[in-house]
> 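First the structure, then my questions, so here it is.
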Amino acid sequence: MPSAFATNMRFKFSILAIFLEVLIIVLFGIFVRYENNQPSKEDKLLLYPFFQDVHVMIFVGFGFLMTFLKKYGFSSVSINMLIAALGLQWGTLMQGFWHMKNQTINIDIESMINADFSTATVLISFGALLGKTSPVQMLIMTILEITIFSCNEHLVVNVLRATDTGASMTIHAFGAYFGLAAARVLYRPGLKEGHKNEESSYHSDMFAMIGTLFLWLFWPSFNSAIAHPDLQQRAIINTYFSMAACTLTAFALSSLVKHRGKLDMVHIQNATLAGGVAVGSCSDMNIYPFGAMLIGSIAGVISVIGFKFLTPFFSSKLKIHDTCGVHNLHGLPGLLGGLASIIAAVTQVKLRETDSPSAPMQAAALGCTVGIALVGGAFAGLILNLPFLGQAPDENCYDDSVYWEVPAEERQPAGQFSDTEDHRTVNINV
């Protein structure tokens, strides 16, 4: 790596990070106050275990899920932490501005959970761009995406009055399609034939599986954290059974589509989580456990099929290079979750359920979310593509040593491509 590039990045990153933190502190000083701890609001402390679970998902689950690249583990976990730390602060402000009282943003445990949710959108988009962007670019994308996300969330929840308790649409579909649109704008022709570091190793895949297990265990909390207290148990149960059914389906499909019937670790790390994404929008609805299991099973199928067939198609034909395959874990299951919520809304009306959501509003929420995500992601990609932001050259992609002090034993000379096959990103020369 050229020393000039390293020096240039040192000042750009440090100055931008300090500037953003100072700006946020000033805005917090002006607008943010504690929520009054009145006796009627003491029950909100019951949300703290949910907050802890979501917090673990954001910092541990998402972080380790992206450690599959053999020479990009430092960046995967630590830039994830950087994005989350900035995002939860900026998310508190952006979401708080829509709910101000007397020019004040009052924060409590619920607003902390929502701030973590806003951060999840950026972490999903980060997966599509993993290994190809600089820390400076990710700081900027965090600010842009959370700002646009908060506007879309306000539109979906407060204007359209759509139900999206587990955020299949507003977090997962939004984050996936925002990231894919940005990846299309930032597409690098020099990487279409692959890169020597864009592959996993036995140990890096084991670390990624740790992220999968943390996400899998805590996903019921993610889908139920902001549900109405009377419906939280239903949301937990629906997510619990959806993910269990999804896991069996994902294992079965992985063996079915692979040569000689062997399981693919890529599928197991990702597709087993698709059930939690897909059931999110209707997790608190009366869909019955068998309905949740049906949704989870379909999610497992479409996720594995996405990794097998859609990822290479996106790379070769659409020039969208999705490093982590977020379209298959978050995008497609997020769309399925939106469609499931539309069907569930129709069913609720027929069953004369009280406070049943409107199917047209659910459909409008899904369409608006995908549209805003694509436009917002393309806009963010244009901003991130500005040359002075310090994007690393193609030869330095997927390599921690560009931005980190790496132990000497890990700094190995460039080798040949491995015989292992990794279907997160399949680059085909057209």
Side-chain angles (χ1 to χ4, degrees), residues 117 120-121 124-125 127-128 145 148-149 152-153 155-157 160 162-184 219 222-223 238-239 242-243 245-246 249-250 253 267 270-283 285 287 291-311 313-314 318 320 322 324-347 357-378:
F117 283 166
T121 60
I124 292 168
S125 301
E145 184 166 1
I148 299 171
F149 159 80
N152 179 71
E153 184 187 49
L155 172 65
V156 168
V157 176
L160 298 178
T163 295
D164 194 30
T165 303
S168 299
M169 297 182 285
T170 53
I171 291 179
H172 298 287
F174 182 91
Y177 289 105
F178 191 102
L180 292 173
R184 178 62 184 88
W219 214 292
F222 190 95
N223 282 355
N238 285 336
T239 306
S242 177
M243 298 196 71
C246 174
T249 307
L253 260 290
H267 301 158
N270 294 274
T272 54
L273 301 172
V277 175
V279 80
S281 290
C282 54
S283 60
M285 295 187 192
I287 59 175
M293 295 164 77
L294 179 61
I295 293 171
S297 297
I298 297 173
V301 170
I302 64 173
S303 183
V304 172
I305 290 176
F307 276 106
K308 179 66 177 180
F309 300 107
L310 287 183
T311 296
F313 174 79
F314 272 44
L318 302 182
I320 299 175
D322 180 4
C324 288
V326 298
H327 184 238
N328 312 312
L329 171 54
H330 301 279
L332 292 174
L335 294 179
L336 174 62
L339 294 174
S341 72
I342 297 171
I343 297 171
V346 174
T347 305
S358 165
M361 291 299 99
Q362 293 297 122
L366 179 60
C368 289
T369 295
V370 174
I372 293 172
L374 291 172
V375 174

> Please name all residues satisfying side-chain contact (heavy atoms from CB on, under 4.5 Å) with Thr249, sequence neighbours left out, ordered by chain then number.
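So Thr249 forms a side-chain contact (heavy atoms from CB on, under 4.5 Å) with Leu253, Ser297, Val301.
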> Tell me which donor-acceptor pairs under 3.5 Å the side chains of residues 172-183 have, and how far apart each pair is, sequence neighbours excluded?
residue, atom, partner, partner atom, Å
His172, ND1, His330, ND1, 3.1
Tyr177, OH, His327, NE2, 3.0

> Please give me the minimum heavy-atom distance between Val346 and Ala359, naming the atom from each residue.
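Reported closest heavy-atom pair: CG2-CB, 3.6 Å.
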> With sequence neighbours left out, write down each residue that passes side-chain hydrogen bond (donor to acceptor under 3.5 Å, both in side chains) with Ser303, or none if nothing qualifies.
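Expected list: none.
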> Provide the closest heavy-atom pair for Thr239 versus Gly276 in the form atom of the first, atom of the second, distance.
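Heavy-atom minimum between the residues: CG2-CA, 4.4 Å.
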> Can you tell me how far apart CD1 (Ile320) and OG1 (Thr311) are? Round to the nearest 0.5 Å.
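With rounding to 0.5 Å, CD1 (Ile320) is 10.5 Å from OG1 (Thr311).
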> Can you confirm whether Ile305 sits close enough to Leu332 that some side-chain heavy atom of one is under 4.5 Å from a side-chain heavy atom of the other?
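Not in contact.
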> Find the distance between OG1 (Thr170) and CZ (Phe149) and round it off to the nearest 0.5 Å.
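Going from OG1 on Thr170 over to CZ on Phe149, the span is 5.5 Å.
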> Looking only at heavy atoms, what is the nearest atom pair of Gly296 and Ser242, with distance?
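In terms of heavy atoms, the two residues are closest at CA-OG, 3.2 Å.
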> Quick one: CG on Leu273 to CE on Met243, what's the gap to the nearest 0.5 Å?
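The distance works out to 5.0 Å.
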> To the nearest 0.5 Å, tell me how far Ile287 CD1 sits from Asn238 CG.
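Here the rounded value is 4.0 Å.
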> Who pairs with Ser281 by side-chain hydrogen bond (donor to acceptor under 3.5 Å, both in side chains), at least two apart in sequence or on another chain?
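side-chain hydrogen bond (donor to acceptor under 3.5 Å, both in side chains) check on Ser281 returns Asp164, Ser168.
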> With sequence neighbours left out, what residues match Thr121 under side-chain hydrogen bond (donor to acceptor under 3.5 Å, both in side chains)?
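Partners of Thr121 under the side-chain hydrogen bond (donor to acceptor under 3.5 Å, both in side chains) test: none.
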> Is Asn328 close to Asn270 at the side-chain level, that is, under 4.5 Å between some pair of heavy atoms?
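Counting from C-beta outward, Asn270 and Asn328 never come under 4.5 Å.
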> For Val277 and Leu329, work out which heavy atoms get closest and say how close.
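It is CG2-O, 3.5 Å.
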> Going by atom type alone, with no hydrogens or angles, which donor-acceptor pairs under 3.5 Å involve a side-chain atom of residues 361-377 and a protein atom two or more places apart or on another chain?
residue, atom, partner, partner atom, Å
Gln362, OE1, Thr163, N, 2.5
Gln362, NE2, Thr163, O, 2.9
Gln362, NE2, Ser341, OG, 2.9
Thr369, OG1, Asn152, ND2, 3.3
Thr369, OG1, Ala365, O, 2.7

> Rounded to the nearest 0.5 Å, how far apart are CG of Leu339 and CE of Met169?
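Going from the CG atom of Leu339 to the CE atom of Met169 covers 9.5 Å.
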> I need the Leu160 CG to Ser358 OG distance, nearest 0.5 Å.
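Rounded to the nearest 0.5 Å, the CG-OG separation comes to 9.5 Å.
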> Could you verify whether a donor N or O on one side chain and an acceptor N or O on the other, from Ser283 and Asn223, lie under 3.5 Å apart?
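Looking only at side-chain atoms, Asn223 and Ser283 do not form any donor-acceptor pair under 3.5 Å.
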